[in-house]
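What follows is a set of notes on a single structure, which appears directly below.
Note that the structure is a prediction, hence the values are computed from the model and not measured.
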Amino acid sequence: MQFGVFTVGDVTEDPTTGTTVSEAERIKAMVAIAVKAEEVGLDVFAQGEHHNPPFVPSSPTTQLGFIAAKTSKIILSTATTLITTNDPVKIAEDYAMLQHLADGRVDLMMGRGNTGPVYPWFGQDIRNGIGLAIENYALLRRLWREDVVDWEGKFRTPLQGFSATPRPLDGVPPFVWHGSIRSPEIAEQAAYYGDGFFHNNIFWPVSHTQRMIELYRKRFEHYGHGAADQAIVGLGGQVFMRKNSQDAVNEFRPYFDNAPVYGHGPTLEDFSRETPLTVGSPQQVIERTLTFREHFGDYQRQLFLMDHAGLPLKTVLEQLDILGEEVVPVLRKEFAAKRPAHVPDAPTHASLKAAAERARDLETIVEPAGSVEETSR
């Protein structure tokens with residue numbers, strides 16, 4: 001099972017000091033968080049894509065490429081890549097390039113984002129959101145898997161004899177997760193292709209997240225990719241920890257109350273009760289996270305949001321130390337002990353490359369009957 005962190009890259013005033021970091025400081029803080037995540041033994045660092053204040057990560061491949069040069073093991077991912085407003089040709093080429101720079105340590109989470117005005121900023125209509133997600137991804141898959149593509153669709157100009165460059169590393173495209181909070185069409189899309197499905201698991205009650213994941217699992221099996229419990233599921237989560245749980249609550253409360261997304265709304269206690277937000281001791285985080293398996297079944301990736309709402313970098317790095325030293329080792333052991341042998345691990349470049357090589361080997365073994373007879377004479 002993979003554990004990691006994701007960031008939305010918000011620039012938010014620290015409510016305890018009244019100070020706000022610059023965009024440059026926030027961008028460099030995200031790099032420091034990724035490097036720290038690898039240092040404490042996490043598997044994945046994922047960053048969002050936004051094109052509006054108060055967020056800064058408008059160019060994920062630029063930043064992830066820089067992070068790739070400063071790390072050697074951690075998987076670099078997105079949370080999310082806007083499949084609706086990015087040109088699939090540019091996605092194909094940008095992320096193949098990133099694959100080569102990062103020696104394959106790359107996967108993507110496709111999504112529509114949560115900012116309606118972004119559509120016209122990039123020449124699109126939000127009313128076409130689902131259609132764009134479906135058509136653009138179908139084209140993206142072909143661009144990664146076919147050397148020469150002829151294509152015509154509804155939302156962009158046709159392609160004639162087009163080859164995306166560079167080609168995916170080792171002929172293996174990055175693994176794709178489809179991220180959605182509430183759109184069953186996206187769960188269906190993930191299931192159709194046998195891709196992963198990721199639910200951010202932050203703002204919604206367990207019952208809602210269960211329905212989305214159950215739909216994906218059922219349709220994954222329907223399309224013949226394996227049993228429902230073999231579907232590739234990822235979950236988000238949000239935590240803040242201190243050795244003493246009340247210290248955690250007291251320290252995090254002003255950040256929660258003024259957060260750009262859910263601040264000035266429900267109380268910290270109500271939000272923690274109704275959603276997976278866990279503010280407390282490391283043991284409380286362990287116990288709460290282990291319940292995710294009970295609600296959603298065995299899953300492959302757990303990402304935590306830890307660096308938003310104006311939390312200073314020093315505090316975030318302390319949180320990562322706690323996560324890596326006290327929480328994740330226990331979660332790894334507990335989840336592994338309960339996982340049935342037939343439930344797959346999260347795909348990686350190495351596992352996808354090995355699967356592709358096995359498929360090619362099988363093709364060479366299966367020869368025409370005449371060739372076999374000739375050899376036997």
Identify whether the distance between the nearest side-chain nitrogen and carboxylate oxygen of Glu318 and Lys314 falls below 4.0 Å. yes
Closest non-hydrogen atoms of Ala46 and Ala79, given as atom of the first, atom of the second and distance, are CB-CB, 4.0 Å
Has Gln319 got a side-chain atom pairing as donor or acceptor with Met241's backbone, closer than 3.5 angstrom? yes
Which class fits the ring pair Phe335 and Tyr299: parallel under 30°, tilted 30 to 60°, perpendicular over 60°? perpendicular
Judged by atom type as modelled, is there a donor-acceptor pair below 3.5 Å linking the side chain of Arg105 to the main-chain atoms of Leu76? no
Distance-minimising heavy-atom pair for Pro15 and Asn258: CB-ND2, 3.7 Å
Distance-only, no hydrogens or angles: does the Gln230 side chain make a donor-acceptor pair with backbone N or O of Pro344 under 3.5 Å? no
Is it the case that the side chain of Asp321 and the backbone of Val40 share a donor-acceptor pair, with hydrogens and angles ignored and the cut-off at 3.5 Å? no
Donor-acceptor pair, distance only, cut-off 3.5 Å: does the side chain of His225 make one with the backbone of Ala191? yes
Strictly below 4.0 Å, N to O, side chains only: are Arg242 and Glu251 in salt-bridge contact? yes
Is Phe55 linked to Ile27 within one hydrophobic cluster, defined over Ile, Leu, Val, Met, Phe, Trp and Tyr using a side-chain heavy-atom separation of less than 4.5 Å? no
How long is the span from the CD atom in Glu93 to the OG1 atom in Thr165, to the nearest 0.5 Å? 4.5 Å
Can you name the nearest heavy-atom pair linking His100 to Pro168, along with the distance? NE2-C, 4.0 Å
Would you check if the side chain of Gln284 reaches a backbone N or O of Ser245 as a donor-acceptor pair within less than 3.5 Å? no
Lys/Arg-Asp/Glu bridge criterion (N-O < 4.0 Å) met for Asp361, Arg358: no
Before accepting this row, confirm whether a basic side-chain N of the pair Arg339/Asp229 lies closer than 4.0 Å to the acidic partner's carboxylate O. no
Under 3.5 Å: donor-acceptor pair, side chain of Thr71, backbone of Lys73: no
Would you find a donor on one side and an acceptor on the other, under 3.5 Å apart, between the side chain of Gln302 and the backbone of Gly236? yes
Is the closest side-chain heavy-atom distance between Val176 and Trp144 below 4.5 Å? yes
Output yes when Asp298 and Arg293 qualify as a salt bridge under the 4.0 Å nitrogen-oxygen rule, no when they do not. yes
Would you indicate whether Glu146, at its atom CD, is surrounded by more than 12 heavy atoms from other residues, nucleotides or ligands within a distance under 6.0 Å? yes
Is it the case that more than 12 heavy atoms not belonging to Phe162 sit under 6.0 Å from its CZ atom? yes
Give, for atom CG of Asp103 and atom CG of Leu98, the distance between the pair rounded to the nearest 0.5 Å. 10.5 Å
Side chains of Leu323 and Val5 in contact at under 4.5 Å (non-hydrogen atoms): yes
Between Glu49 and Thr80, is any pair of side-chain heavy atoms under 4.5 Å apart? no
Using atom types as modelled and distance alone, determine if a side-chain donor or acceptor of Gln63 lies under 3.5 Å from a backbone N or O of Pro57. no
Residues Arg253, Glu269; criterion salt bridge (charged side-chain N to carboxylate O under 4.0 Å, His left out); working and verdict: CA-CA 10 Å; Arg253 187 182 299 281; Glu269 288 74 16; 2.5 Å; yes
Could you walk me through whether Leu82 and His51 satisfy the side-chain contact (heavy atoms from CB on, under 4.5 Å) test, starting with their C-alpha distance in whole Å, then the side-chain angles of each, then the deciding distance to 0.1 Å, before giving a yes or no? CA-CA 10 Å; Leu82 300 180; His51 299 277; 3.9 Å; yes
pair Leu305-Ile202: side-chain heavy atoms closer than 4.5 Å: yes
Checking Gln189, Glu185, Met212 against Ser180 for side-chain contact (heavy atoms from CB on, under 4.5 Å), the one that qualifies is Met212
Would you indicate whether the side-chain heavy atoms of Glu38 and Lys70 approach each other to under 4.5 Å? no
Does one side chain, of Thr78 or Tyr95, offer a donor that lies under 3.5 Å from an acceptor on the other? no
Got Leu139 and Leu159 here, is their nearest side-chain heavy-atom distance under 4.5 Å? yes
Can you name the closest pair of heavy atoms from Arg26 and Asp307 and give their distance? NH2-O, 2.9 Å
How many angstroms lie between OG1 in Thr61 and CD1 in Ile67, if you round to the nearest 0.5 Å? 11.5 Å
Measuring from Tyr119:OH to Asn128:CG, what's the distance to the nearest 0.5 Å? 9.0 Å
Examine Trp151 and Phe155 and state if one hydrophobic cluster contains both, with Ile, Leu, Val, Met, Phe, Trp and Tyr joined whenever side-chain heavy atoms are less than 4.5 Å apart. no
May I ask you to decide if Ile181's main-chain N or O and His208's side chain share a donor-acceptor pair within less than 3.5 Å? yes
Quick check on the hydrophobic clustering: are Phe198 and Val206 connected, directly or via other members, by side-chain heavy-atom contacts under 4.5 Å? yes
Below 4.5 Å, heavy atoms only, C-beta onward: do Tyr192 and Arg219 meet side chain to side chain? no
In sequence, state the C-alpha distance, the side-chain angles, and the governing distance for Arg142 and Asp150, and then conclude on salt bridge (charged side-chain N to carboxylate O under 4.0 Å, His left out). CA-CA 10 Å; Arg142 290 190 59 190; Asp150 294 315; over 6 Å; no
Determine whether Thr315 and Phe240 satisfy the following criterion, side-chain contact (heavy atoms from CB on, under 4.5 Å), listing intermediate values before the conclusion. CA-CA 10 Å; Thr315 300; Phe240 188 86; 3.8 Å; yes
With a 4.0 Å cut-off, would you call Lys36 and Glu39 a salt bridge? yes
Taking Phe304 as the fixed residue, which of Thr289, Thr278, Leu42 is the one that meets the side-chain contact (heavy atoms from CB on, under 4.5 Å) rule? Thr289
Test side-chain contact (heavy atoms from CB on, under 4.5 Å) on Leu331 and Ile286; report intermediate values, then the result. CA-CA 7 Å; Leu331 292 177; Ile286 290 169; 4.1 Å; yes
I'd like to know whether the aromatic ring centres of His178 and Tyr216 sit less than 6.0 Å apart in this structure. no
What's the spacing between Met110 CE and Ile186 CD1 if we round to 0.5 Å? 11.5 Å
Can Gln238 and Phe256 be said to form a side-chain contact (heavy atoms from CB on, under 4.5 Å), step by step? CA-CA 11 Å; Gln238 185 180 0; Phe256 175 88; 5.8 Å; no
Verify whether the ring centers belonging to Tyr223 and Tyr193 lie closer than 6.0 Å. no
Distance-only side-chain donor-acceptor flag, Asp14 / Tyr255, under 3.5 Å: yes
How long is the span from the CZ atom in Arg112 to the CD1 atom in Ile126, to the nearest 0.5 Å? 8.0 Å
For the residue pair Thr348 and Phe175, establish whether any side-chain heavy-atom pair is separated by less than 4.5 Å. no
Minimal heavy-atom distance between Met306 and Leu311, with the atoms involved, is O-CD1, 3.6 Å
